[in-house]
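In what follows, a single structure is set out as structure tokens and then discussed.
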Amino acid sequence: MTAIHVNMSVNGLPTSIVTEASRTLLEVLREDLHLTGAKDACGGEGECGACTVLLNGVPVNSCMVMIGQIEGCKVETIEGLSEENKPDPIQTAFIDEGAIQCGYCTPGMVLASKALLDQNPNPDDDQIRVALAGNLCRCTGYTKIIAAVHRAAGDLKNGN
């Protein structure tokens with residue numbers, strides 16, 4: 001095994017880690033940095049989106065990203081989205097619309113929604129579906145999730 005040194009920004013904080021090159025970003029986030037919001041729900045197959053994080057503002061399945069690929073990158077996890085005791089408007093919209101059900105997929109859904117709303121502050125239903133296509137939910141049926149993204153878009157537009 002080959003150890004590598006990786007410098008990155010995680011949730012706005014400079015982070016440096018020495019680890020095995022064969023590890024994924026998901027493993028490092030969960031096991032080394034104790035950021036457990038990203039979940040391993042598909043065994044590293046990249047099929048479910050439960051491990052979604054933002055890499056330089058783009059949603060990625062962290063189980064598919066090798067740690068050596070993120071030198072100098074900006075990583076944002078669900079833990080970095082809100083301020084202490086102040087949820088992000090997207091998180092609040094998911095709660096208010098009942099789009100959280102069991103909550104297992106919620107961090108990935110919220111981060112994929114953030115990436116969409118950062119690029120398109122007023123998406124239609126089809127644009128939301130496309131943006132969330134890589135994130136599977138077994139509980140909500142997606143109707144409430146789409147409603148939550150619309151609500152978040154309005155809240156963000158109104159400065160809430």
Side-chain angles (χ1 to χ4, degrees), residues 1-119 128 131-140 142 144-145 148-149 151-152 155-156 160:
M1 298 289 171
T2 304
I4 59 171
H5 185 238
V6 178
N7 295 297
M8 59 188 151
S9 168
V10 179
N11 297 328
L13 299 174
T15 304
S16 182
I17 188 162
V18 175
T19 189
E20 295 299 319
S22 61
R23 296 179 73 208
T24 65
L25 175 57
L26 177 62
E27 291 171 320
V28 170
L29 289 172
R30 291 184 60 79
E31 297 167 14
D32 299 341
L33 302 179
H34 308 291
L35 298 170
T36 58
K39 307 292 189 253
D40 180 3
C42 67
E45 305 255 333
E47 296 178 358
C48 70
C51 67
T52 299
V53 299
L54 300 182
L55 185 61
N56 295 330
V58 176
V60 298
N61 292 338
S62 61
C63 71
M64 301 298 291
V65 177
M66 301 309 293
I67 193 66
Q69 294 175 292
I70 63 164
E71 174 65 35
C73 291
K74 176 183 166 192
V75 177
E76 187 172 6
T77 70
I78 194 70
E79 291 90 348
L81 191 57
S82 62
E83 298 174 23
E84 189 172 330
N85 297 318
K86 185 177 184 227
D88 184 87
I90 300 170
Q91 292 170 309
T92 301
F94 268 69
I95 293 165
D96 291 348
E97 291 295 329
I100 55 174
Q101 299 293 313
C102 80
Y104 204 78
C105 70
T106 305
M109 289 282 187
V110 167
L111 288 169
S113 298
K114 176 180 175 15
L116 169 65
L117 295 174
D118 284 350
Q119 295 298 311
I128 295 169
L132 300 180
N135 296 78
L136 302 179
C137 177
R138 295 177 176 101
C139 301
T140 67
Y142 298 94
K144 291 181 179 186
I145 293 169
V149 177
R151 182 180 191 138
D155 290 349
L156 290 165
N160 294 340

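Computed from a prediction, not measured in an experiment: that's the story for all the values here.
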For D88, all residues meeting side-chain hydrogen bond (donor to acceptor under 3.5 Å, both in side chains), sequence neighbours excluded: none

Residues two or more places apart in sequence or in another chain: which of them pass side-chain hydrogen bond (donor to acceptor under 3.5 Å, both in side chains) with T92? none

Just verifying a value: how many Å separate S82 OG and I90 CD1, rounded to the nearest 0.5 Å? 11.5 Å

Residue pair Y104 / D40: nearest heavy atoms and the distance that separates them: OH-O, 3.7 Å

Sequence-distant partners of D118, side-chain hydrogen bond (donor to acceptor under 3.5 Å, both in side chains), two or more places apart: K114

Could you report the tightest heavy-atom contact between N135 and G49, atom names first, then the distance? ND2-O, 3.1 Å

Grab the two heavy atoms, one from A93 and one from A148, that are nearest each other, plus how far apart they are. CB-O, 3.3 Å

Would you say the side chain of V53 lies within less than 4.5 Å of the side chain of V65, judging by non-hydrogen atoms? no

Residue pairs passing the salt bridge (Lys or Arg N to Asp or Glu O under 4.0 Å) test with at least one member in residues 67-76, sequence neighbours excluded, are none

With a 4.5 Å limit on heavy-atom distance, are the side chains of Q101 and C137 in contact? no

In Å and rounded to the nearest 0.5 Å, what is the CE to CD distance from M64 to Q69? 9.5 Å

What's the shortest heavy-atom distance between E20 and T2, and which atoms? OE1-N, 3.2 Å

Residues in side-chain hydrogen bond (donor to acceptor under 3.5 Å, both in side chains) with R30, at least two apart? none

How long is the span from the CG atom in N56 to the CE atom in M8, to the nearest 0.5 Å? 12.0 Å

Report yes if some heavy atom in the side chain of I67 is under 4.5 Å from a heavy atom in the side chain of E27; otherwise report no. no

Identify which one of I17, V6, V75, T15 satisfies the side chain to side chain contact (heavy atoms under 4.5 Å, CB included) criterion when paired with V28. I17

Just how far is it from atom CG of L55 to atom OG1 of T77, taken to the nearest 0.5 Å? 12.5 Å

Is there a side-chain contact between N61 and T52, using heavy atoms and a 4.5 Å cut-off? yes

Considering all heavy atoms of both residues, which atom of C63 and which atom of C51 are nearest to each other, and what is their separation? N-SG, 3.3 Å

Tell me, yes or no, whether the heavy-atom count around K39 atom NZ, taken from other residues, nucleotides or ligands under 6.0 Å, exceeds 12. yes

Check the surroundings of atom CD in E31: do more than 12 heavy atoms from other residues, nucleotides or ligands lie under 6.0 Å from it? yes

Could you report the tightest heavy-atom contact between A41 and A50, atom names first, then the distance? CB-CB, 3.8 Å

Within a strict 4.5 Å, meaning less than it, do heavy atoms of the P87 and I95 side chains meet? no

For a side chain to side chain contact (heavy atoms under 4.5 Å, CB included) check, start with the C-alpha distance between S113 and L132, then their side-chain angles and the critical distance, and finish with the verdict. CA-CA 7 Å; S113 298; L132 300 180; 3.7 Å; yes

Measuring from atom SG of C73 to atom CG of N7, what distance do you get when rounded to the nearest 0.5 angstrom? 11.0 Å

Nearest 0.5 Å, please: how far is CG in L29 from CG in L35? 6.0 Å

Which residue pairs pass the salt bridge (Lys or Arg N to Asp or Glu O under 4.0 Å) test with at least one member in residues 89-105, sequence neighbours excluded? D96-R151, E97-R151

Does some side-chain heavy atom of E79 sit less than 4.5 Å from a side-chain heavy atom of V10? no

